Amino acid sequence: GDQEAGELGLAAVPGRQAAFRQALEAAVHYARAVGCPRIHVMAGRVPLGTERAAVAGEMETTFIENLRYAADLLSQEDMIGLLEPINNRITDPRYYLNTPHQAAAILKKVGRPNLKLQLDLFHCQIMDGNLSRNLEMYFPLIGHIQIAQVPGRHEPDSPGELNFPYIFELLESLGYTGYVGCEYAPKGDTLEGLGWLRSYWESRGLQHGGTSKAAK
């Protein structure tokens, strides 16, 4: 969408279907070029001047229609489409898709196996909390995980509400083998801010890069 005009994705925005399809084709082109198998299909914002409740039904219908189109296109490329709930309490009051429950319900209605949940634990904690049960409940739907401490949205070892060593162990016990995206704003230098990862590897008996010391 047009970010300068206040758009943040188009998939659920009524009347913007043609622009959505054009943007999706461009995204697929870029993803193919860099070898990226997953694309975040952004829902978009509730249009200015309208109440969320008044347009919720139309936006869901638009979203489902666009997601089915996206799934069919992405299946031709062996790619996965991702839906990310973004909290509307702090980050974006007008974003349409806000909770994993809403995303799961839409994924069920769309009914396409190559559409998955992109679960950002920062947004999930703000909207719902209950991270252990949410991870367990929605694990079959999860296609990507993102992390940031709450409420500052900084490194996982910065002061905040979330116990990331516990969360990482839970993900491992559930059998998660995908990437964990660092969707946070470093407090300072980016490399210095990755000290938490080196410390975590060492606590697990791993060397930098996640390789086992025993294997060496």
Side-chain angles (χ1 to χ4, degrees), residues 1 8-14 16-45 56-88 95-125 127-128 130-148 167-183:
L8 191 67
L10 296 172
V13 182
R16 299 285 278 140
Q17 286 90 329
F20 167 75
R21 294 185 179 196
Q22 184 178 10
L24 178 65
E25 289 173 4
V28 168
H29 175 76
Y30 286 119
R32 187 192 306 125
V34 299
C36 180
R38 290 170 171 79
I39 292 178
H40 175 198
V41 184
M42 299 191 75
R45 290 170 166 148
E58 185 182 7
M59 291 192 75
E60 181 176 291
T61 298
T62 302
F63 202 19
I64 291 170
E65 173 191 322
N66 280 331
L67 287 172
R68 286 177 177 156
Y69 175 87
D72 291 342
L73 179 63
L74 293 172
S75 68
Q76 298 172 22
E77 305 284 343
D78 198 25
M79 293 179 181
I80 290 173
L82 298 169
L83 279 63
E84 181 190 9
I86 296 176
N87 81 82
N88 64 349
Y95 200 74
Y96 169 71
L97 187 67
N98 304 133
T99 69
H101 319 299
Q102 182 190 7
I106 287 171
L107 285 169
K108 184 176 181 180
K109 291 179 181 179
V110 174
R112 294 290 196 277
N114 65 327
L115 294 180
K116 297 286 186 179
L117 174 64
Q118 178 170 314
L119 191 64
D120 188 316
L121 300 183
F122 173 82
H123 298 303
C124 187
Q125 171 71 1
M127 293 301 293
D128 194 58
N130 198 25
L131 292 186
S132 297
R133 295 296 174 261
N134 277 325
L135 281 167
E136 292 167 357
M137 183 186 307
Y138 296 117
F139 186 75
L141 297 178
I142 292 174
H144 187 57
I145 294 282
Q146 293 180 168
I147 60 170
I167 290 171
F168 295 150
E169 289 187 18
L170 176 60
L171 285 170
E172 287 185 17
S173 72
L174 291 171
Y176 183 70
T177 58
Y179 287 101
V180 174
C182 298
E183 185 84 350

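Computation of the quantities below employed the complete heavy-atom set of this structure, encompassing side-chain atoms and omitting hydrogens, waters and symmetry-equivalent molecules. Bear in mind the structure is a predicted one, so any value in this text is a computation, not a measurement.
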Where do [X] and [Y] come nearest, in terms of heavy atoms and distance?
X      : Y      : value
Lys109 : Arg68  : O-NH2, 2.7 Å
Phe139 : Leu174 : CE2-O, 3.2 Å
Ala104 : Leu141 : CB-CD1, 3.7 Å
Ile39  : Met79  : CD1-SD, 4.1 Å
Tyr96  : Ala43  : CD2-CB, 4.1 Å

To the nearest 0.5 Å, what is the distance between [atom1] on [X] and [atom2] on [Y]?
X      : Y      : atom1 : atom2 : result
Thr99  : Asp128 : OG1   : CG    : 7.0 Å
Leu67  : Thr62  : CG    : OG1   : 10.5 Å
Asn134 : Leu117 : CG    : CG    : 9.5 Å
Asn114 : Glu77  : CG    : CD    : 11.5 Å
His144 : Arg38  : NE2   : CZ    : 8.0 Å
Gln146 : Leu82  : CD    : CG    : 8.5 Å

Student check: side-chain heavy atoms of [X] and [Y] closer than 4.5 Å:
X      : Y      : value
Asn66  : Val13  : no
Asn87  : Gln125 : no
Leu135 : Ile142 : yes
Glu136 : Leu170 : yes
Leu119 : Tyr138 : no
Pro14  : Thr61  : no
Val28  : Leu74  : yes

Look at the side chain of Tyr95 and the backbone N and O of Pro85, then say whether any donor-acceptor pair between them is shorter than 3.5 Å.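 Pair absent, no side-chain N/O of Tyr95 close to backbone of Pro85.
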
Check: Tyr176 side chain, Ile145 main-chain N or O, donor-acceptor pair, under 3.5 Å: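 Flag set: sc Tyr176 to bb Ile145 pair under 3.5 Å.
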
Crowded around Gln22 CD? As in, over 12 foreign heavy atoms under 6.0 Å?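 No, not enclosed.
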
Residue pair Arg21, Tyr69: steps toward the side chain to side chain contact (heavy atoms under 4.5 Å, CB included) verdict: CA-CA 8 Å; Arg21 294 185 179 196; Tyr69 175 87; 3.5 Å; yes

Passes side chain to side chain contact (heavy atoms under 4.5 Å, CB included), Met42 versus Leu97? Steps please. CA-CA 9 Å; Met42 299 191 75; Leu97 187 67; over 6 Å; no

